[in-house]
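In what follows, every heavy atom counts, from backbone to side chain, and hydrogens, waters and symmetry copies are set aside. Below, chains carry the letters A, B, ... as their sequence lines are ordered, and counting in each starts from 1. Nothing here was measured: the structure is a model prediction, and the numbers come from that model.
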Amino acid sequence: MLQIYNTLSRKKEEFQPAKSKHVRMYVCGPTVYARGHIGNFRTFVCLDVLRRVLRNICNYPIKEVINFTDVDDKTIAGASDEGLSLREYTDQHIKDFQSDWLALGIQPVEENPRATDNENIEAMGNLVKELERKGHTYQSEGSIYFRIATHPEYGKLSRLDKKGIKPGARINVDEYDKEDVRDFVLWKPVKAGEPSWDIGFGPGRPGWHLECSAMALRLLGEPPIDIHAGGVDLIFPHHENEIAQSETATGKLFSRFWIHVEHLFVEGKKMSKSTGNVFTLPEIVSKGYRPSALRYLLLSSHYRKQLNFTWSGIEQAEESLRRLTDFLARLDAETSVKKAGQSRVKVKVENARNRFFEALSDDLNTAEGLGAIFDFVRDVNVLLDSGPLIQSDLVAIQKTMDDFDLVLGVMALRKQEDLQLEAPVEEINRLIESREQARKRRDFSFADKIRKDLLSRGIVLEDIAGGTRWKKR
RNA sequence: GGCGCCGUCGCCAAGUGGUAAGGCAGAGGUCUGCAAAACCUCCAUCCCCGGUUCAAAUCCGGGCGGCGCCUCCA
């Protein structure tokens with residue numbers, strides 16, 4: 001049974017889907033105005049683990065939506081700067097996001113709607129009309145606002161009340177005409193030269209919060225949905241406002257669980273362009289680190305704790321992950337198995353599985369889960385050192401590691417990366433063979449030269465009992 | 001000013017009342033042509049001060065230090 005922290009109650013709660021065939025989950029996706037940064041990916045990797053836990057540990061079918069926000073000030077400005085249409089401009093960035101997601105082993109989800117898709121714009125229009133009909137809106141200077149005074153529950157997620165507003169807090173100049181500072185715009189009037197849609201209020205474009213409510217309600221069906229998630233920064237105002245507009249429009253609870261992933265910092269500081277510490281995946285890769293190492297790093301601490309990205313940290317992640325994949329390679333290479341006999345791993349397998357699955361089921365405790373895996377790895381290495389295993393034990397061990405990775409998605413990712421070699425396999429095997437000859441005639445300097453040459457091409461040779469094995473560095 | 005989080009070994013990081021998981025790095029050793037991998041051994045009493053308790057890293061109070069949200073942001 002999954003226990004998960006719900007921002008709404010500020011407590012860990014037992015999760016079960018509402019009466020529905022699927023877990024219905026909505027994740028606030030990126031605004032597509034730039035290449036995604038590693039902070040974005042922390043959120044998406046952690047929520048990918050949540051998805052995998054729901055599927056592979058809890059065995060729930062899932063319908064998950066991650067949207068792309070493809071219209072806002074930044075995307076409009078970016079498109080205009082590059083002389084592209086909004087669609088062309090955002091297309092590029094969506095493609096980049098998808099490619100980074102893939103590289104990080106983030107599983108595709110059922111729906112990736114774009115705010116500006118016709119059916120979504122239309123759904124937004126209907127939502128605004130419904131809010132208007134129920135008296136939750138007002139117009140001012142061409143914009144349609146949500147009047148939070150009509151929603152007494154406003155603030156239940158972020159727990160910010162009116163008194164909490166910072167004295168002297170800046171109020172946007174173009175929003176001075178609001179009745180209450182916290183009122184938010186549902187629909188903005190078109191500005192000259194900017195893209196617009198007409199959904200019955202004159203040409204304009206949606207406010208930021210509107211799209212997510214509309215898409216979630218359209219794609220996931222009757223509220224409440226089960227889970228709504230995103231980065232912590234979205235709690236206020238985005239999610240608070242989504243709740244306000246969705247719940248007043250439908251008269252029903254919007255989402256049962258609200259799950260938020262803490263921020264990633266870089267070298268102790270919040271990422272910001274002016275500090276120059278915003279990193280993208282290609283930048284990480286260009287420094288010689290793998291996407292799998294980043295994924296590992298992101299999983300090595302709890303999703304509700306701030307995580308400080310450092311180069312030493314990703315180095316450590318590389319090394320830790322290497323230990324795991326070395327172990328998998330050792331299992332694959334294990335040839336001296338016994339046909340039958342007593343199981344030597346049954347208890348160890350059971351203990352490791354229980355500890356891992358309990359950890360992940362307890363609010364996604366990936367760090368504890370990794371601890372369970374490393375203990376298991378050591379135990380099995382000891383057994384392997386002490387003599388051959390029986391076939392069924394070997395299979396059980398491999399199955400266990402596979403099951404762990406179904407949730408973490410990091411070892412398979414690294415194996416996949418290992419397939420991209422700087423030297424063809426045939427050549428590696430040929431060089432190993434000629435090195436073997438050299439070793440037999442005790443020409444160790446030649447043998448070492450081959451190993452050194454391959455190392456410079458990213459291939460590590462290790463001599464083991466009965467031969468030589470290689471791996472990618 | 002309001003709300004909230006965090007402080008565990010050189011680094012990363014679990015543990016939230018029962019006497020400190022795990023990883024990286026480091027030291028020594030076994031194995032080995034060498035190297036690597038693997039294994040073994042070593043490596044912390046939990047920011048400080050009080051309190052509660054038979055028992056606290058874990059609960060309470062007070063400090064000190066770091067951070068977040070209240071404004072676009074994953």
Please pick, from B:C40, B:C73, B:C34, the nucleotide with the shortest atom-to-atom distance to any side-chain atom of A:Trp208.
B:C73
Proximity to the side chain of A:Asp448 - top-ranked nucleotide from B:A74, B:C34, B:A37
B:C34
Give each protein N/O atom lying under 3.5 Å from an N/O atom of nucleotides 19-22 of chain B, with the pair distance.
unit_1: B:A21; atom_1: O2'; unit_2: A:Asp375; atom_2: OD2; d: 3.4

Between A:Arg290 and A:Asp418, is the closest basic N to carboxylate O distance under 4.0 Å?
yes
Return yes if the base of [N] and the side-chain atoms of [X] contain a donor-acceptor N/O pair under 3.5 Å, otherwise no.
X        : N     : result
A:Asp233 : B:C72 : no
A:Arg304 : B:C5  : no
A:Gln316 : B:G23 : yes
A:Arg42  : B:A74 : no

Is the A:Phe376 ring parallel, tilted or perpendicular to the A:Phe404 ring (thresholds 30°, 60°)?
perpendicular
Fit a plane to each ring of A:Phe184 and A:His209, take the angle between them on a 0 to 90° scale, and name the class: parallel (under 30°), tilted (30 to 60°) or perpendicular (over 60°).
perpendicular
For [N] and [X] - does any side-chain N or O of the residue sit under 4.0 Å from the phosphate oxygens OP1/OP2?
X        : N     : answer
A:Lys305 : B:A14 : yes
A:Arg323 : B:C39 : yes
A:Lys270 : B:C72 : no
A:Asn365 : B:G15 : yes

Starting at CD of A:Gln107, measure out to CZ of A:Arg52 and round the result to the nearest 0.5 Å.
4.0 Å
What's the CZ-P distance between A:Phe327 and B:A37, to the nearest Å?
16 Å
Please state how far atom CG in A:Leu389 lies from atom P in B:A38, giving the value in whole angstrom units.
17 Å
Tell me whether A:Gln245 contacts the main-chain N or O of A:Phe146 through its side chain, where contact means a donor paired with an acceptor under 3.5 Å.
no
A:Glu240 backbone acceptor or donor facing A:Ser158 side chain under 3.5 Å:
no
May I have the list of side-chain donor-acceptor pairs in residues 364-374 of chain A shorter than 3.5 Å, sequence neighbours left out?
unit_1: A:Asn365; atom_1: OD1; unit_2: A:Glu368; atom_2: N; d: 3.0
unit_1: A:Thr366; atom_1: OG1; unit_2: A:Leu299; atom_2: O; d: 2.7
unit_1: A:Glu368; atom_1: OE2; unit_2: A:Arg355; atom_2: NE; d: 3.0

